[in-house]
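Working notes, structure below.
All of these numbers come straight from a predicted model, not from anything done at the bench. Every number for a ligand or one of its atoms is a count from 1 in the order of the listing.
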Amino acid sequence: MEAIEHRLIERSRRDSVDFTKLGFAAEFADHVFTMRWHQGEWREPLIQPYGPITLEPGTASLHYGQMVFEGLKAFRGTDGKVRVFRPDANAQRLRASCERMCIPPLEERLFCEAIDALLRVDHQWIPTGRGQALYIRPLILASEAHLDVRPSREFRLYIMTSPVGGYFADGPTRIALKVEDRHTRSAPGGTGFAKTAGNYAASLLPGEQARCEGFQQVLWLDAIERRLVEEVGQMNILFRLREEIVTPPLTGTILPGVTRDSVLTLLRERGLAVRERAIAIEELIDAIGSEELLEAFGVGTASVVAPIGRIAYQGHEYELGDGGAEPLAPALYAEILDIQRGERPDRHGWVRVVDCG
Ligand SMILES: *Cc1c(COP(=O)(O)O)cnc(C)c1O
């Protein structure tokens with residue numbers, strides 16, 4: 001990468017933010033990292049103050065959604081070190097999203113170095129509380145102004161950060177899901193595996209309807225038969241049955257979560273039988289009735305692990321019991337937080353320590 005130009009603000013806004021009352025990404029840190037794709041190259045790496053950007057109204061991405069994003073977190077450990085959790089995995093997923101959306105990908109090394117540089121400037125924004133983090137949101141958008149439906153020839157990358165609170169102050173609390181059997185999130189051959197704007201726009205209406213009915217998230221079913229469980233809101237989902245732990249396979253319609261991969265690795269490490277296989281909603285409802293289902297949880301960067309307490313399907317509500325088993329979700333939550341904060345050995349090379357001086 002070319003040398004990064006730094007245009008820094010004079011006075012940080014950090015002191016105006018109450019770090020004891022952090023929501024999810026409501027405040028942005030002082031700076032953004034930006035680059036432009038121009039004449040076939042990512043160039044002009046720049047760290048500049050966070051603030052409004054100028055785009056023409058005819059900018060293609062605003063009309064046709066040619067954009068991709070990522071989400072990952074940086075942590076400040078009790079040892080004072082700054083750690084980013086699995087940025088290489090996010091870089092690889094960004095590449096896959098870019099390829100699907102005709103966006104020039106970013107090298108993994110460039111992605112990681114850009115984040116390092118930004119953290120060196122804004123590391124004071126990393127909250128220190130357990131469960132808190134600095135959320136990192138890379139975004140690439142088509143920036144050429146044209147209304148022809150074709151891939152843009154110009155793009156911009158922005159990496160912004162935002163201090164976020166722990167989702168759960170006292171460990172995970174159980175969420176209620178509505179099984180969505182009308183709208184779908186993604187279809188075979190579509191863009192479900194890509195972190196791209198349109199998928200989220202399409203999920204807003206069912207999400208809002210579920211919230212109005214008193215649920216936190218939607219449980220998505222497959223687009224063809226409305227039978228196979230896919231994921232939950234913006235999280236992947238795992239079911240702990242008596243004999244095995246099941247999660248839907250990555251067949252292109254679900255988002256390949258980094259947390260999903262991390263949790264599967266930790267479960268296998270515990271010697272548990274983990275299977276990536278299709279699970280139908282009827283099998284799930286039967287397993288609740290017969291107490292075969294011991295636990296279900298969503299997994300994603302934002303909440304890490306979100307245990308599920310209640311599921312509504314076709315007008316019936318099902319309470320999830322624990323079948324008398326010690327739940328795994330709180331243990332997984334603690335294990336991942338410990339690795340992220342450097343309080344447990346990083347056996348899988350998941351953590352990138354950034355020297356912030
Ligand atoms: C980002 C995302 C996830 C979770 O991925 P992580 O890498 O674990 O954060 C799951 N589902 C959807 C739809 C997502 O956008």
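Contacts between Met235 and ligand 1 below 4.0 angstrom, taking non-hydrogen atoms only, involve the backbone exclusively.
Ligand 1 places these atoms under 4.0 Å from at least one heavy atom of Arg93: 5 (O), 6 (P), 7 (O). Residue-ligand proximity, Thr301 to ligand 1, at heavy-atom distances under 4.0 Å covers atoms 6 (P), 7 (O), 8 (O), 9 (O).
Ionic pairing of Glu27 and Arg13 is not present here: no N-O contact between side-chain nitrogen and carboxylate oxygen is shorter than 4.0 angstrom. Arg150 has a carboxylate O that lies under 4.0 Å from a charged side-chain N of Glu144, or vice versa, which qualifies the two as a salt bridge. Remark: Arg83 does not engage Asp346 in a salt bridge, criterion side-chain N to carboxylate O under 4.0 Å. Using a 4.0 Å cut-off between a side-chain N of Lys or Arg and a carboxylate O of Asp or Glu, Glu230 and Arg185 do not qualify as a salt bridge. The pair Arg36-Glu2 does not meet the salt-bridge criterion, since no charged nitrogen lies less than 4.0 angstrom from a carboxylate oxygen.
The protein non-hydrogen atom at the shortest distance from atom 4 (C) of ligand 1 is Gln234 O, 3.7 Å. Scanning the protein heavy atoms around atom 14 (C) of ligand 1, the nearest turns out to be Lys195 NZ, 3.0 Å. Atom 11 (N) of ligand 1 has its closest protein heavy atom at Glu231 OE1, 2.5 Å. When hydrogens are left out, the protein atom nearest atom 8 (O) of ligand 1 is Thr259 OG1, 2.6 Å; that is the closest non-hydrogen contact.
Between Arg185 and ligand 1, no N or O atom pair is found at a separation short of 3.5 Å. The distance criterion of under 3.5 Å between nitrogen or oxygen atoms is met by Tyr200 with respect to ligand 1. Checked against a 3.5 angstrom limit, the closest N/O atoms of Val258 and ligand 1 fall inside it.
Between Phe155 and Trp42, the ring-plane angle classifies as tilted under the 30° and 60° cut-offs. Between Tyr50 and Phe28, the two ring planes are parallel [angle under 30°; tilted spans 30° to 60°].
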